[in-house]
2 protein chains.
Amino acid sequence: MKYCSIGEAASKLNIPESTIRYYEKKGLLPLMERDGAGRRLFSEDQMALLETVMRLKNTLMPISKIKQYVDWVIEGSSTNDRRLDMMTKHKQAVLAQIALMTESLIGIDVKIARYTKRKHEEKEGLE
Amino acid sequence: MKYCSIGEAASKLNIPESTIRYYEKKGLLPLMERDGAGRRLFSEDQMALLETVMRLKNTLMPISKIKQYVDWVIEGSSTNDRRLDMMTKHKQAVLAQIALMTESLIGIDVKIARYTKRKHEEKEGLE
DNA sequence: ATACGACTTAAACCTTGGTTCAAGTCAACA
DNA sequence: TGTTGACTTGAACCAAGGTTTAAGTCGTAT
């Protein structure tokens, strides 16, 4: 088992160290190990958890909900069904968000087309 | 030309009236017309602008940037190229965001599969 | 020995994106 | 006439998600 420092963890996942400390304070990274000088040691399991946290964050899950998930992970296998339920619902929410963005992009594309046309035709128009 | 009230605008776009007032205060809805009693009147052009604002918001553009866009719309056709540039870059950013979410979803799907398996097999395991 | 870089903490600070509140105006209806 | 309902305002309030700061501790390279 290899351990890494907060600096290594931060640059691997391309996030500020301050964010990792903030996440730990918020309870998203429980049971962190430390070396003799009090520095955080990230085991491979902790790195995997941090990656999971980042995946949830990247899909716009709020911190409070990520914390609920992590709490269930710590609580153990009795929470398996609740985690399954949360992840399933979250997936649906993410798909809905992607659908919303995709549809909104269509309207944006219309503008891009219009602006492009005007650019080449030297036309005018509102918006 | 039909006009609609803030209440009608809000329920058409399914957002709170308070949000529309907030957007106006932030400069996202300039040149708003009013009736004799000071109530906002949304023309079809204003509704179209509000819809554009909502599309940008739905694709996670910050208020400050939406305001820049609206300012350019008001400034007129001399800003056509800047608007084209902004929308083109925004589209790329949105596609990147969708890609990030889609990729993160893969990791989430792995968990869903694992939790589903455990549910039926009564297995144990961390995370 | 000392100075540097990487780390630690708690607390203060910040921006974003609204929501809520209190007090008031107005039109229409009973 | 008075009382709803839909609107107005500015200011206060709020939560989320970090970031920054100040002061300190190590281990190592010079």
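Protein chains get the first letters and strands the later ones, always in sequence-line order, with residue 1 at the start of each.
For A:Lys26, there are no salt bridge (charged side-chain N to carboxylate O under 4.0 Å, His left out) partners, not counting sequence neighbours. Residues passing the side-chain hydrogen bond (donor to acceptor under 3.5 Å, both in side chains) test with A:Lys25: none are found, sequence neighbours excluded. For A:Gln46, there are no side-chain hydrogen bond (donor to acceptor under 3.5 Å, both in side chains) partners two or more places apart in sequence or in a different chain. Not counting sequence neighbours, A:Asp81 has no partner by the side-chain hydrogen bond (donor to acceptor under 3.5 Å, both in side chains) test. Here B:Arg21 pairs with B:Glu17 under the side-chain hydrogen bond (donor to acceptor under 3.5 Å, both in side chains) rule; sequence neighbours left out.
Of the residues in residues 29-41 of chain B, B:Arg34, B:Gly38, B:Arg39, B:Arg40 come within less than 4.0 Å of DNA chain D through at least one heavy atom, sorted by number. Heavy-atom distances under 4.0 Å link DNA chain C to no residue of residues 93-101 of chain A. Annotation: proximity of residues 54-62 of chain A to DNA chain C (heavy atom, distance under 4.0 Å) is found for no residue.
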Under 3.5 Å, side-chain donor or acceptor atoms of residues 27-36 of chain A against the rest of the protein: list the pairs with distances, not counting sequence neighbours.
from    : atom 1 : to      : atom 2 : distance (Å)
A:Glu33 : OE1    : A:Tyr3  : OH     : 3.3
A:Arg34 : NH1    : A:Gly38 : O      : 3.2
A:Arg34 : NH2    : A:Glu24 : OE1    : 3.3
A:Arg34 : NH2    : A:Glu24 : OE2    : 2.8
A:Asp35 : OD1    : A:Ala37 : N      : 2.8
A:Asp35 : OD1    : A:Gly38 : N      : 3.1
A:Asp35 : OD1    : A:Arg39 : N      : 2.9
A:Asp35 : OD2    : A:Arg39 : NE     : 3.1
A:Asp35 : OD2    : A:Arg39 : NH2    : 3.4

Donor-acceptor pairs under 3.5 angstrom involving side-chain atoms of residues 99-110 of chain A: please list them, not counting sequence neighbours.
from     : atom 1 : to       : atom 2 : distance (Å)
A:Thr102 : OG1    : A:Ile98  : O      : 2.7
A:Ser104 : OG     : A:Leu100 : O      : 2.9
A:Asp109 : OD1    : B:Lys91  : NZ     : 2.8

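A:Ser18 comes within contact range of at least one nucleobase, with a heavy-atom separation under 4.0 Å.
In summary, contact between chain B and DNA chain D, defined as any nucleotide atom under 4.0 Å from a heavy atom of the protein, begins and ends at D:dC7 to D:dT9 in the 5' to 3' direction. When DNA chain C is scanned 5' to 3' for any atom under 4.0 Å from a heavy atom of chain B, the first and last hits are C:dG17 to C:dA27.
When each of B:Arg82, B:Arg83, B:Lys89 is paired with B:Asp85, the side chain to side chain donor-acceptor pair (under 3.5 Å) condition holds for B:Lys89 and for no other.
Residues B:Ile66 and B:Tyr23 are not in side-chain contact: their nearest non-hydrogen atoms beyond the backbone lie 4.5 Å or more apart.
Residue order along DNA chain D, read from the 5' end via each residue's closest nucleotide, puts B:Glu17 first among B:Glu17 and A:Tyr23.
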